[in-house]
Every structure is written in C-alpha cells, then in structure tokens.
Amino acid sequence: MAFPKNFLWGGATAANQYEGGFNEDGKGLACADLITNGTHSTPRKITEYIEDNYLYPSHEATDFYHHYKEDIRLFAECGFKAFRFSINWTRIYPLGIEAEPNEKGLQFYDEVIEELSQYQIEPVVTIAHFDIPAYLSEKYDGWSSRELIDLYVKYCSTIFTRYKGKVKYWLTFNEINTATLNIGNFLSLGIHTGACDFINQPEDLQKRYCALHHQFVASAKAVELGHSIDENFQIGCMISYMPRYPYTCKPEDVLLAKQEENMHSKFCGDVQVKGEYPYYAWNYFEKNGIQIDITEEDKQILAKGCVDFYAFSYYLTLCCSHDKSVDKNGHSMIGGSGVNNPYLEQSKWNMMIDPVGLRIALNDLYDRYQIPLMIVENGIGAHDNLEENGEIHDPYRIEYLRKHIEQMEKAIEDGVDLIGYTIWGCVDLVSASTGEMAKRYGIIHVDKYDDGTGDLQRRKKDSFYWYKNVIASNGLELS
Ligand code: BG6
C-alpha cells in the first residue's frame, strides 16, 4: 500500500472565498472585501471603498460563517482526516493595530476547531490567506512597510496561544510567491493600488520584492515563536508550485524554463526552507534594479525560522519559449513567458492539466528540500450542472483528481515523503482570480450564483461519493 497509514486526506478552503459574514461580530474590512466580482473575460476591480453598484463576492461567499456545522458534518461523512481553512486576520484584529484581539472572532474559530475535533478531523490552518486588514493597506501601504512584521507576529502570538494543543499544522502565508506576480500587489501584499483592475495593477517590482522580504521575516519569526509556544507545532510554507518545461530542447528554452521556474516557483521555498536567499535571486534583483534592505538581524531571523514542512498548491504546468509566435497561455494569474504545452489538454480557464507533472514536482521538491511535503491545493475549476432532481454529475472532476492521486502514489513509491492531500475548494467557493461562482472546484455543491442569488443549500456531487471511497480505502480504490 503506497499511502501511509496516517495520510491526511481532506479538503481546503480560504476565509475570504468561503466564510462570508464580512462585517459580522466585529470583523474588520480586509483588502479582499474591496475586490469586485468578475468573469474569465472581465477582470475583477479593486475599489477604494465599498461601492453600491458593485458585487463583492467575499461578503457572503458561500457562508461558512453560518454553515460551519453542516459543512464539517459533510466533511466527516466523506471521511476527511484533515481540513484546511484560514483564519481571517480581520476577525481577530479588525484594523490590524488593536492592543487586544476581538474575542468574538476568536470564539468563531474556537467553535470550528471544536467541531472538527469531534470528528477527529485535523485542522490545517493558514494564518494569512489573502486577508490583509484594509486599514494596514491604507495606512502603511501594506507589507511594503516593516511595521507589518510585528503586527503579524502579534496576531500569530494570539492564535498560537489560543489554539495551542488543538492545532498542530500551520501555514504562515498562502502562496507567498504570488508576490512575484503583478496580481499579488493588493491581494497578497496589501500594497495600496487605488482603484484599478485586478489584472494589470500598477507595477513596482522594487516595492513588491521588499514587501515579500518583510513577509519572509514575519514568517520566520512566526516559526520561531510558534515552536516556543508549542513544541509540537508543525509550521509550513505554502507555495504555488508551477513547474516550467522548456517548449523545445533548444538550450535557450531549457535555460529560460529554469530561470522562470527558479524565480517564480523555487525562490520563496528556498528562502523559507533553507533560511537564506538563493544565489540566483541576486542576479535577478540586479538585472531588475531591485534593492532589498536585508539587515544582519533579518539574516539571523531567516536562518532560525526555517519551516518544518513544505506545503504547496498544484494545478498546472507551463512551457517556456523564446519564440514569440508560440501560443501564450491564457490563464489570468500567470506572468512570464508561459506558453501552452501541445501534449496537454487545458481546462476552460486555461489551466494545462498535467498529472505526471505532479510526480515530477514531488520528486524535485523532495530532492531539493528533504522535508515532508503536503499538497494543500489541487483540483479543477469547472461548470457544474445542477439537475432538476438535485444531482450533480461531475465525471471530469473525478477524472482530474484520480489521475493526480495516481501520480502521488507513484511519487510515494519513488520515495517521496508526502504526508497529506487536501483538494481545493472541497465545497464550492468564490474563485480568487475571477471572483466567479461559475468556476466550481467542490465535491459539495453550494446553491450560489454569479449574480449573488442562491439559497446556499449544500448538495453532494458524484465526486463526493467517489472521494469518500478513495479515503476509506486509503487511496487503493480510485475507479
Ligand atoms: C490558489 C489560491 O491560487 O488557487 C486559492 O490559493 C485559489 O485562493 C486557487 O482559489 C484556485 O484559483 P482560482 O482563481 O481558480 O480560484
């Protein structure tokens, strides 16, 4: 049997896309609450304040805030061993600067964690999943200011102390390498952009990489602090990992793929696992006129705050080509020279579907870091059809997940230490890139639509029953 006995099968979500209740019980406004809905072809917008004529999908999302008991019961019915969710920073510190936390916010997560423990479901908690207090964006220009380091560490201290002995697995920043993309400006770094399109925000590489440096320092401080609060804590990084293939075997394409993979997919993990900046980053910074103020103290903090495990999301791979005439990939979140792979199919939202790429990624990552790996996001966004009898048949989702799990099994046989797998958006939620409901990932359907309508009823899709069987057989039965 390839999968270890205690393998963490489960699902993953994020507060800003799932929780709703955006202004309830003292919660503050987050940057994510200022991003409107959009579609695959119409970009979301960032607004300065909440405007009446826009729909903001995070405000209600799919309402975990009022459905958590029902949802966790469904996760338990499916056999989940783990559930990844994020704590919303603005529920705990509404502005980010308060001396005391918001007790009602903490109570909500007390209840969620308690509910999970009743079903022996292991919480995997993301501390910051695109949920920066909007006040910190306005006052400090987000993570471009060093002030945010201590504010974040204070927030960590509050939740670490509160959930000590109850939560073991923590992730410091969701997809921290989103900061290397233009789209990361506001969502991931809280850099104050003013009103603009979510795609193609004002570009300032210098600011972006400094802000990312501050997140590295904050993450390392959180790791050290967490271990001092509870020595059983396992604190991980979380990287959006997209392998890059050369489009041809021309050495120039091979080199380009390596360079892009380094700076997009490897850089952040290298800092967080190895505790120092990798050599190739300095060259990139010099070529792009980026100067980062890394103090001696920062260096020591990074070296002391290495993560315990490497968590990552995996959706797709890309090819890199020097040839400008090759089809550029149309996925809205990806920068760089990414082009389509002629050997692969793509989803309706231009994700190149590549299960074997997951085995390659797992081997590469384990070879590089030699620490446990956890896949904390994987899945396919697709249109689902709710039939009149309430059934949802989603064979495409089953096929996608099955093929990826088969490759995980092979990677474990290769010798990779893979400890868990939480499928993304296990229950339907709002898409981060497009703000749509139409792009569904869930094995549980939620009656909620792009125009904000829907009664929020939960229904099990065919993939729910399939995944239940996968978990019950510990990955043996995939058909
Ligand atoms: C990751 C994020 O980028 O991918 C999630 O961590 C996001 O927040 C997921 O939802 C899927 O992307 P999208 O744009 O299809 O929602």
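If you're wondering where the values come from, they're calculated on a predicted model, not measured in any experiment. Numbering of ligands and ligand atoms starts at 1, following listing order. Start at 1 with the first residue, then count along the sequence.
For W424, every heavy-atom contact with ligand 1 shorter than 4.0 Å involves the side chain, none the backbone. Contacts of T178 with ligand 1, taken as heavy-atom pairs under 4.0 Å, are absent altogether.
Proximity of the aromatic rings of F108 and Y65 is defined here by a centroid distance below 6.0 angstrom, and this criterion is met.
The shortest N or O to N or O distance between A14 and ligand 1 is not below 3.5 Å. Considering backbone and side-chain atoms alike, S433 places an N or O below 3.5 Å from some N or O of ligand 1.
Relative orientation of the Y155 and Y93 rings is perpendicular, given thresholds of 30° and 60° on the angle between their planes. Aromatic ring pairs are classed by plane angle as parallel below 30°, tilted from 30° to 60° and perpendicular above 60°; the pair W424 and H129 is parallel. Using a 30° and 60° split on the angle between ring planes, F7 and W9 fall in the perpendicular class, above 60°.
Of all atoms in ligand 1, listed by their number and element, those nearer than 4.0 Å to a heavy atom of Y441 are 11 (C), 12 (O), 13 (P), 15 (O). Of all atoms in ligand 1, numbered sequentially from 1 with element shown, those under 4.0 Å from a heavy atom of Y315 are 4 (O), 9 (C), 11 (C). Ligand-side atoms of ligand 1 in range of F130: 8 (O), range being under 4.0 angstrom from any heavy atom. Here is the list of ligand 1 atoms found below 4.0 Å of a heavy atom in S431: 13 (P), 14 (O), 15 (O), 16 (O). Remark: ligand 1 atoms within the under-4.0 Å shell around heavy atoms of K439 are 13 (P), 14 (O), 15 (O).
Partners of H66 under the side chain to side chain donor-acceptor pair (under 3.5 Å) rule, at least two apart in sequence or in another chain, are E24, D63. Scored by the side-chain contact (heavy atoms from CB on, under 4.5 Å) test, T317 finds P243, Y245, Y314, L344, D354 as partners (sequence neighbours excluded).
The heavy atom nearest to atom 6 (O) of ligand 1, considering only M351, Q17, E377, M238, is found in E377.
A donor-acceptor contact closer than 3.5 angstrom links the side chains of H393 and D462.
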